[in-house]
Number of protein chains: 2
Amino acid sequence: MISTQCDCHVIHEEIVERVKKVMPEDENLYDLADFFKVFGDTTRIKILWALSESEMCVCDLAVLLNMTQSAISHQLRVLKQVGMVKNRKEGKIVFYSLDDEHIKGILDQGMIHINEK
Amino acid sequence: MISTQCDCHVIHEEIVERVKKVMPEDENLYDLADFFKVFGDTTRIKILWALSESEMCVCDLAVLLNMTQSAISHQLRVLKQVGMVKNRKEGKIVFYSLDDEHIKGILDQGMIHINEK
DNA sequence: TGAATAGTTGAATAAGTATTCATACGTTTA
DNA sequence: TAAACGTATGAATACTTATTCAACTATTCA
């Protein structure tokens with residue numbers, strides 16, 4: 001037992017029990033946090049936003065974001081691992097594009113939200 | 001100029017220019033990443049999910065999440081700073097609740113998304 | 001007033017992560 | 001085949017951040 005620092009949860013027992021029942025499984029909440037974590041980085045946000053507009057190669061993205069190819073490549077790897085982008089090879093050039101039709105919607109909704117605040 | 005490692009962006013100049021035009025301001029994208037970053041932590045996700053069900057005091061949350069009051073308190077501070085939760089005091093007890101009606105919708109949408117994958 | 005309770009806070013620690021650098025890989029072209 | 005190009009990758013570094021610990025505030029109650 002970690003948290004027995006105070007006793008008011010005994011008084012609020014009904015509330016705590018009720019909330020406990022509607023809480024999703026720990027594993028799902030962990031996955032959910034991991035999902036949002038991907039959007040919690042400016043570089044990845046920019047890459048996703050760019051790709052929502054057009055397929056682009058690594059070099060294009062590096063120029064667009066004014067960053068090194070290496071940094072972009074590392075982040076593309078993260079995005080591919082979580083299934084948000086896919087790629088195709090054309091000679092030496094690797095073109096990346098979105099692999100999830102919900103991405104733009106999520107970005108848009110987030111943007112609407114922060115503009116409301 | 002950071003990224004002049006390759007030249008294919010010259011060939012793709014039209015694409016890069018077009019994407020550049022639709023990209024939101026850097027500041028907005030930074031804010032957007034910060035917004036999602038809040039959801040990118042299991043503890044905060046759990047707190048938000050719990051509060052979406054019921055107002056709760058710090059102690060209740062600590063018991064529910066099996067964490068120390070201190071850890072919960074620190075995260076509640078973060079959530080309050082970004083305007084996601086508010087609190088009211090009743091004697092010694094501080095009750096927290098959601099201060100943003102979109103939170104539950106965003107959590108739900110995220111959950112639907114990861115369950116689809 | 002003094003002890004107990006609920007919560008907050010600052011500093012320290014530990015864990016995670018974004019970028020850089022150097023290098024390696026695969027493809028094209030001279 | 002050698003050089004050049006576009007990309008990927010591993011290790012190192014620097015930075016961020018979640019939790020813990022100890023101390024502190026504010027409120028209640030005996």
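The structure displayed is predicted, hence computed values, not measured ones. We name chains A, B, ... by the order of the sequence lines, and we start the count at 1 in each one.
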Give a yes/no answer on whether the side chain of A:Q69 brings an N or O atom under 4.0 Å of OP1 or OP2 in D:dT7.
yes

B:D26/A:K46 ion pair, N-O < 4.0 Å:
yes

Are the side chain of B:S52 and the backbone of B:W49 linked by a donor-acceptor contact shorter than 3.5 Å?
yes

Assuming nearest nucleotide by heavy-atom distance, tell me which of A:H74 and B:I11 is located more 5' along DNA chain D.
B:I11

How long is the line joining CG of B:D41 and C1' of D:dT19, in whole Å?
10 Å

Could you tell me the separation between the CD1 atom of A:I72 and the P atom of D:dT9, rounded to a whole number of Å?
15 Å

Counting only side-chain heavy atoms from C-beta out, which of C:dG7, C:dT27, D:dT19 sits nearest to B:C59?
C:dG7

For atom CD of B:Q81, is the number of surrounding heavy atoms from other residues, nucleotides or ligands below 6.0 Å larger than 12?
yes

Are the side chains of A:E55 and A:L98 in touch, meaning some heavy atoms are under 4.5 Å apart?
no

Toward the 5' end of DNA chain C, which comes first, A:K37 or A:C8, by nearest nucleotide?
A:C8

For A:Y96, answer base if it contacts any base atom (sugar-phosphate contacts may also be present), sugar-phosphate if it contacts only those atoms, and nothing otherwise; contact means non-hydrogen atoms under 4.0 Å.
sugar-phosphate

I need the CD-P distance between B:Q81 and D:dT17, as an integer number of Å.
12 Å

Is there a side-chain contact between B:R44 and the phosphate of D:dA18, meaning an N or O under 4.0 Å from OP1 or OP2?
yes

Between C:dT19 (C1') and A:M67 (CE): distance, integer Å
7 Å

In whole angstrom, give the distance that lies between atom NZ of A:K46 and atom C1' of C:dT19.
14 Å

Rounded to whole Å, CD of A:E90 lies from C1' of D:dC5 at a distance of 15 Å

Starting at atom CD1 of A:I47, determine the distance to atom P of C:dT19, rounded to an integer number of angstrom.
8 Å

Taking the side chain from B:R44 and the backbone from B:F39, do they hold a donor-acceptor pair closer than 3.5 Å?
no

Hey, does the side chain of B:S73 come within less than 4.0 Å of C:dG7's phosphate (OP1/OP2), counting only N and O?
no

Mapping A:V78 and B:N87 to their closest nucleotides on DNA chain C, which lands nearer the 5' end?
B:N87

Between P on C:dA6 and NZ on B:K89, what's the gap in Å once rounded to a whole number?
13 Å

Check whether the side chain of B:S70 and the base of C:dT8 form a donor-acceptor pair under 3.5 Å.
no

Please classify the nucleic acid contact of B:K80 as base, sugar-phosphate, or nothing, using heavy-atom distances under 4.0 Å.
nothing

Using a cut-off of strictly less than 4.0 Å, decide whether B:T43 has a side-chain nitrogen or oxygen near OP1 or OP2 of D:dT19.
yes

